[in-house]
Amino acid sequence: MVTENYRKVEARVAAACERCGRKREEVTLIAVSKTKPVEMIQELIAAGVRDFGENKAQEMKEKIEQITDPLRWHFIGHLQTNKVKYVVGRACLIHSVSSLHLAEAIQKEADKKNVQCPVLVEVNIANEVTKSGIGEADAVELVRQVAALPNLKVRGLMAIAPPVEDPEENRPYFREMRRLAESIREMGLPGVSMEELSMGMTGDFEVAIEEGATMVRVGTAIFGERLKAD
Ligand SMILES: *Cc1c(COP(=O)(O)O)cnc(C)c1O
């Protein structure tokens with residue numbers, strides 16, 4: 001079931017790349033396994049999937065303890081500073097750095113564990129009051145501040161677009177994200193590579209790919225509906 005769903009999503013990712021003349025390798029499909037059992041993850045591992053996304057620090061830690069395969073775990077959720085210890089050294093990439101306060105807590109933990117920590121800065125692209133993420137106007141400053149922390153590397157930006165009926169409604173937001181990432185890249189800030197743009201979910205990942213996403217985070221289309229509202 002899950003594997004079949006994954007293959008369908010994979011085919012849609014490939015078709016979207018094809019449509020806009022991008023190479024399939026330019027886009028990482030992250031299977032968002034939050035709230036879903038380890039058995040489903042193992043089914044996908046058997047099918048060759050290596051990139052998984054989780055949004056709760058403790059849940060991610062527990063899953064990693066149960067699954068010994070070398071996987072790439074992406075932390076995509078709101079991270080509280082007291083949970084940073086569960087994520088640093090385990091996640092291959094923290095997608096959701098939205099404040100200097102959080103970045104400093106990550107720095108402290110990364111220094112303690114003597115690891116480098118690649119991160120994305122989360123931008124609240126549609127300025128939704130219900131969402132975390134830094135406002136677009138303040139994003140450059142946050143990127144600069146985060147990049148100045150010795151154990152953090154800013155690899156790019158992340159955005160959660162609003163829930164919409166028609167994915168086309170989010171195209172302008174994705175386009176704006178790409179423009180923002182490009183303008184930051186051109187600044188050539190030290191410690192900032194701006195090669196990743198994490199955007200696009202079940203409802204809008206194809207449009208996100210067409211607008212330049214390098215990582216799409218897909219949960220529902222692979223694992224089915226979640227019971228909990230997160
Ligand atoms: C849950 C979640 C997703 C996946 O959402 P779906 O709509 O189920 O694909 C992607 N990104 C983040 C940050 C999430 O929390």
Side-chain angles (χ1 to χ4, degrees), residues 1-13 16 27-37 40-41 44 49 51-61 63 71-80 83-84 86-87 90-99 102 106 118-134 139 155-171 173-174 177 196-230:
M1 223 315 247
V2 197
T3 305
E4 211 176 291
N5 291 344
Y6 184 86
R7 296 217 166 104
K8 282 182 192 151
V9 172
E10 167 54 40
R12 288 169 60 191
V13 168
V27 181
T28 303
L29 169 56
I30 299 169
V32 177
S33 47
K34 62 187 189 190
T35 81
K36 298 295 179 180
M40 282 184 166
I41 297 172
L44 288 179
V49 179
D51 289 276
F52 292 89
E54 290 285 339
N55 73 335
K56 297 255 166 26
Q58 240 146 328
E59 183 179 342
M60 189 182 85
K61 173 183 179 282
K63 282 175 172 166
L71 301 173
R72 286 180 294 273
W73 292 94
H74 297 257
F75 190 81
I76 62 173
H78 180 69
L79 185 54
Q80 290 161 285
K83 303 277 174 64
V84 157
Y86 300 129
V87 175
R90 286 195 177 92
C92 67
L93 182 64
I94 300 175
H95 290 228
S96 43
V97 171
S98 55
S99 71
L102 172 59
I106 295 171
V119 301
L120 304 180
V121 164
E122 181 179 348
V123 180
N124 186 350
I125 194 67
N127 270 315
E128 292 172 282
V129 286
T130 52
K131 291 229 172 91
S132 53
I134 188 95
R155 285 274 152 76
L157 304 178
M158 181 269 224
I160 304 174
V164 286
E165 289 279 316
D166 177 3
E168 287 298 330
E169 289 176 56
N170 281 335
R171 192 181 289 278
Y173 294 129
F174 295 142
M177 281 295 291
E196 303 291 356
L197 207 42
S198 169
M199 57 189 193
M201 312 181 8
T202 289
D204 54 20
F205 68 87
E206 286 147 311
V207 172
I209 290 169
E210 288 168 9
E211 294 303 328
T214 65
M215 295 181 154
V216 291
R217 310 175 307 263
V218 180
T220 309
I222 297 171
F223 292 95
E225 295 287 343
R226 288 175 296 271
L227 296 175
K228 286 188 274 175
D230 57 2

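The figures that follow rest on heavy atoms only: side chains count, while hydrogens, waters and symmetry mates do not. Residue numbers start at 1 and run along the sequence shown. Both counts, for ligands and for their atoms, begin at 1 and track the order of listing.
One finds no salt bridge joining K34 and E59 here, because no Lys/Arg side-chain nitrogen approaches an Asp/Glu carboxylate oxygen to under 4.0 Å. Residues E122 and K131 are not paired through a salt bridge, judged by the lack of any N-O separation under 4.0 Å between the basic side chain and the carboxylate.
Taking a cut-off of under 4.0 Å to the non-hydrogen atoms of T202, the atoms of ligand 1 that pass are 6 (P), 7 (O), 8 (O), 9 (O). Close approach to T220 involves these atoms of ligand 1, each under 4.0 Å from a residue heavy atom: 6 (P), 7 (O), 8 (O), 9 (O). Proximity to R217 (heavy-atom distance under 4.0 Å) selects the following atoms of ligand 1: 4 (C), 9 (O), 10 (C), 11 (N), 12 (C), 13 (C). Each of the atoms 9 (O) of ligand 1 lies under 4.0 Å from some heavy atom of V218. Counting the atoms of ligand 1 from 1 in the order shown, those under 4.0 Å from a heavy atom of I160 are 13 (C).
Between W73 and K63, the closest side-chain pair of non-hydrogen atoms falls below 4.5 Å. Between I222 and L44 there is a side-chain heavy-atom pair separated by less than 4.5 Å. Put simply, the side chain of H74 does not reach to within 4.5 Å of the side chain of R217, judged on heavy atoms.
Taking distance alone, with nitrogen or oxygen atoms compared against 3.5 Å, G219 approaches ligand 1 more closely than that limit. Between K34 and ligand 1, at least one pair of N/O atoms sits closer than 3.5 Å.
Atom CD of E4 is surrounded by 12 or fewer heavy atoms from other residues, nucleotides or ligands within 6.0 Å.
Residue contacts with ligand 1 leave out H95, since none of its heavy atoms falls under 4.0 Å from the ligand.
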